[in-house]
Amino acid sequence: MKKIFAVSFISVGYFLNAQSISNSPYATYGIGDVKYDNTIETASMGGISTAFISDFTSSFNFANPANNSNFELTSIRLEATNENNYFKTNYNDTKSTKHSTYLSNIALAFPLSPKVKMGLSYQPYSSKTYDIQNTEKRYEMIENVETFTGYYTNRFKGSGTLNTAQAAVSYKIDQNFAVGLRANLYFGNLYDLNEIKSFGTDGISDAEYINGYETKNSIKNFNFTLGGSYQSLNPRTDKKLTIGATATFGNTSNMTTDYVNSTYLYADAAESSKILETVIERKSTSSKNLLPLQASLGVGYGSENHWFLSGQLDYKKGEDISYFGKSFDFQDTYRISAGGWYLPNYNNFRNYFSRVIYRYGAFYERGNLKIDGNSINKFGISAGVMLPFKTSSITRMSGLELGVEVGKRGTLNNNLINQNYINLRVGFNFADRWFRKNLYN
């Protein structure tokens, strides 16, 4: 069984790298829609993780690698996300929907010693999958009369996924303090294409060639996340206070961006291959500021094995990324999150739902995009449950994870796009005591 899990971990990682993920039209900017740190446990609690130290021995915290003092078992997590997006804009009163289901996280974690714990994880960090077409009427002056002569279409297409692989190590200094370090590797290719076509009044193309501007971003980036935590437990009341902080630093990015401005025709109706291409301009640039400084601070309070509540503030410095040959500045991002969990009574074996962990949370985020003076902000509420397997115990908890997040992003101002979404998540956490020799037969 353990060998099957190991092979599955590798094969699922290959599939995750090849999958296509749909997203918002706002993914046209920069590196696309960020999906990272969207584990079910974290997302169901509004995104809180910096001051979250699980009371149970089977949950490894990657977001703050210091928060793994209680982790004792080998754990394998497999998680999938179903995104349902509903878009609306006042431009021509347009509405649309997009749905996508994809593997969002695979993780393996295990203890190296009572004080040292290690985890490996693989997730999609961001993605681009969009196809937007804007059609405008064309007018020309004929005999001093403005005459309708056809249409221009401006089409924007994007594809690609930026993935991340992490290795995290935590060290418990004493009963209260712990530190952790996570190494982050980002890799992938992102594509953007802008095509301009011309049509006559009958809808038939009246231009000999298509004008296309294609961008390819090849990304390899490496940085570190340092975490620290403090937890104080009152043994008389079982109440505990937790404080955590993280910082991401040591950014060594290498994003090569290739631009090609050309005219061409398509060889087939599916527009899969070009012919008779003439290059007007070709250039290449390099960016060193892909994933800049990030920091997080969290405070939590709870009762041992019963409930927990936390608040968190995240900050990310705005980056500078080239987009269709022009520099695009992203503003600093701030995110406020609050959430926690509740376990009624795990020792009540007569009532299964008393042994279920219930999670809840909410967040507000000032986005890094600012278009026509409007910040593209985001807020949402979330909830989830951890349904333990029949053989699970308080010291060896495995189970089915379910989560839901409902939220809003964007605005209708200046003909921009309002995005409402419902994200559903499902996953499994298999935990057991592996890699230890038996002391007797």
Side-chain angles (χ1 to χ4, degrees), residues 39-42 44-73 75 109 111 113-117 170-180 227-246 296-312 337-362 382-399 401 403 429 431-433:
T39 61
I40 298 175
E41 190 172 47
T42 298
S44 297
M45 298 187 292
I48 62 106
S49 58
T50 305
F52 170 60
I53 300 177
S54 177
D55 289 12
F56 314 109
T57 58
S58 58
S59 179
F60 192 92
N61 188 329
F62 283 89
N64 185 350
N67 291 349
N68 295 295
S69 300
N70 297 328
F71 182 77
E72 295 179 2
L73 305 177
S75 169
S113 74
K115 288 191 172 184
V116 181
K117 318 295 169 62
S170 63
Y171 177 73
K172 185 177 180 179
I173 299 174
D174 56 28
Q175 196 65 27
N176 301 111
F177 293 94
V179 294
S229 66
Y230 166 83
Q231 186 173 83
S232 175
L233 175 65
N234 187 330
R236 292 180 301 172
T237 63
D238 283 339
K239 298 297 189 298
K240 58 183 179 180
L241 171 68
T242 309
I243 301 173
T246 66
S296 179
L297 177 65
V299 178
Y301 186 76
S303 178
E304 185 80 0
N305 294 334
H306 189 37
W307 61 268
F308 179 75
L309 178 65
S310 176
Q312 181 172 315
S337 308
W341 58 266
Y342 173 69
L343 176 60
N345 183 0
Y346 199 86
N347 293 318
N348 184 0
F349 289 92
R350 294 182 178 180
N351 186 346
Y352 175 79
F353 292 99
S354 294
R355 303 171 61 230
V356 172
I357 299 177
Y358 300 89
R359 301 191 177 106
Y360 53 90
S382 59
V385 293
M386 195 280 193
L387 304 173
F389 295 147
K390 186 176 180 180
T391 56
S392 291
S393 66
I394 197 72
T395 59
R396 187 176 299 185
M397 189 175 291
S398 297
E401 300 268 10
N429 180 17
D432 206 343
R433 201 172 294 276

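In what follows, residues are counted from 1 in the order of the sequence shown.
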Of Ser69, Pro65, Pro111, the one forming a side-chain contact (heavy atoms from CB on, under 4.5 Å) with Lys117 is Pro111
Side chain [X], main chain [Y], donor-acceptor under 3.5 Å:
X      : Y      : result
Ser398 : Ala431 : yes
Asn67  : Gly244 : no
Ser382 : Tyr360 : no
Asn345 : Ser354 : no
Tyr352 : Pro388 : yes

Worksheet item: Taking it one step at a time, do Tyr301 and Leu309 satisfy side chain to side chain contact (heavy atoms under 4.5 Å, CB included)?
Response: CA-CA 6 Å; Tyr301 186 76; Leu309 178 65; 5.9 Å; no
* Asked: Would you call the rings of Phe60 and Phe71 parallel, tilted or perpendicular, where under 30° means parallel and over 60° means perpendicular?
  ->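 Perpendicular: the ring planes of Phe60 and Phe71 meet at over 60°.
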So Tyr358 and Phe353, do their side chains get closer than 4.5 Å, heavy atoms only?
yes
Please report the closest heavy-atom contact between [X] and [Y], naming both atoms and the distance.
X      : Y      : answer
Ala51  : Gly300 : CB-N, 3.9 Å
Val356 : Val385 : CG1-CB, 3.9 Å
Ser44  : Gly403 : OG-CA, 3.6 Å

Quick one: pull up [atom1] in [X] and [atom2] in [Y] and give me the separation to the nearest 0.5 Å.
X      : Y      : atom1 : atom2 : answer
Thr50  : Gln312 : OG1   : CD    : 3.0 Å
Asp432 : Ser75  : CG    : OG    : 10.5 Å
Ile357 : Glu41  : CD1   : CD    : 7.5 Å
Phe56  : Glu72  : CZ    : CD    : 13.0 Å
Trp341 : Ser310 : CH2   : OG    : 12.5 Å
Ser337 : Ile48  : OG    : CD1   : 8.5 Å

- Task: Go through His306 and Tyr342 one step at a time and tell me if the side chain to side chain contact (heavy atoms under 4.5 Å, CB included) criterion holds.
- Result: CA-CA 6 Å; His306 189 37; Tyr342 173 69; 3.6 Å; yes
Inset, instruction - Step by step, work out the side chain to side chain contact (heavy atoms under 4.5 Å, CB included) result for Arg359 and Glu401. - result: CA-CA 10 Å; Arg359 301 191 177 106; Glu401 300 268 10; 2.6 Å; yes
Side chain to side chain contact (heavy atoms under 4.5 Å, CB included), that's the test. Do Ser49 and Asn64 meet it? Break it down for me. CA-CA 7 Å; Ser49 58; Asn64 185 350; 5.7 Å; no
(request) Give the intermediate values and the outcome of side chain to side chain donor-acceptor pair (under 3.5 Å) for residues Asn61 and Ser54. (result) CA-CA 8 Å; Asn61 188 329; Ser54 177; over 6 Å; no
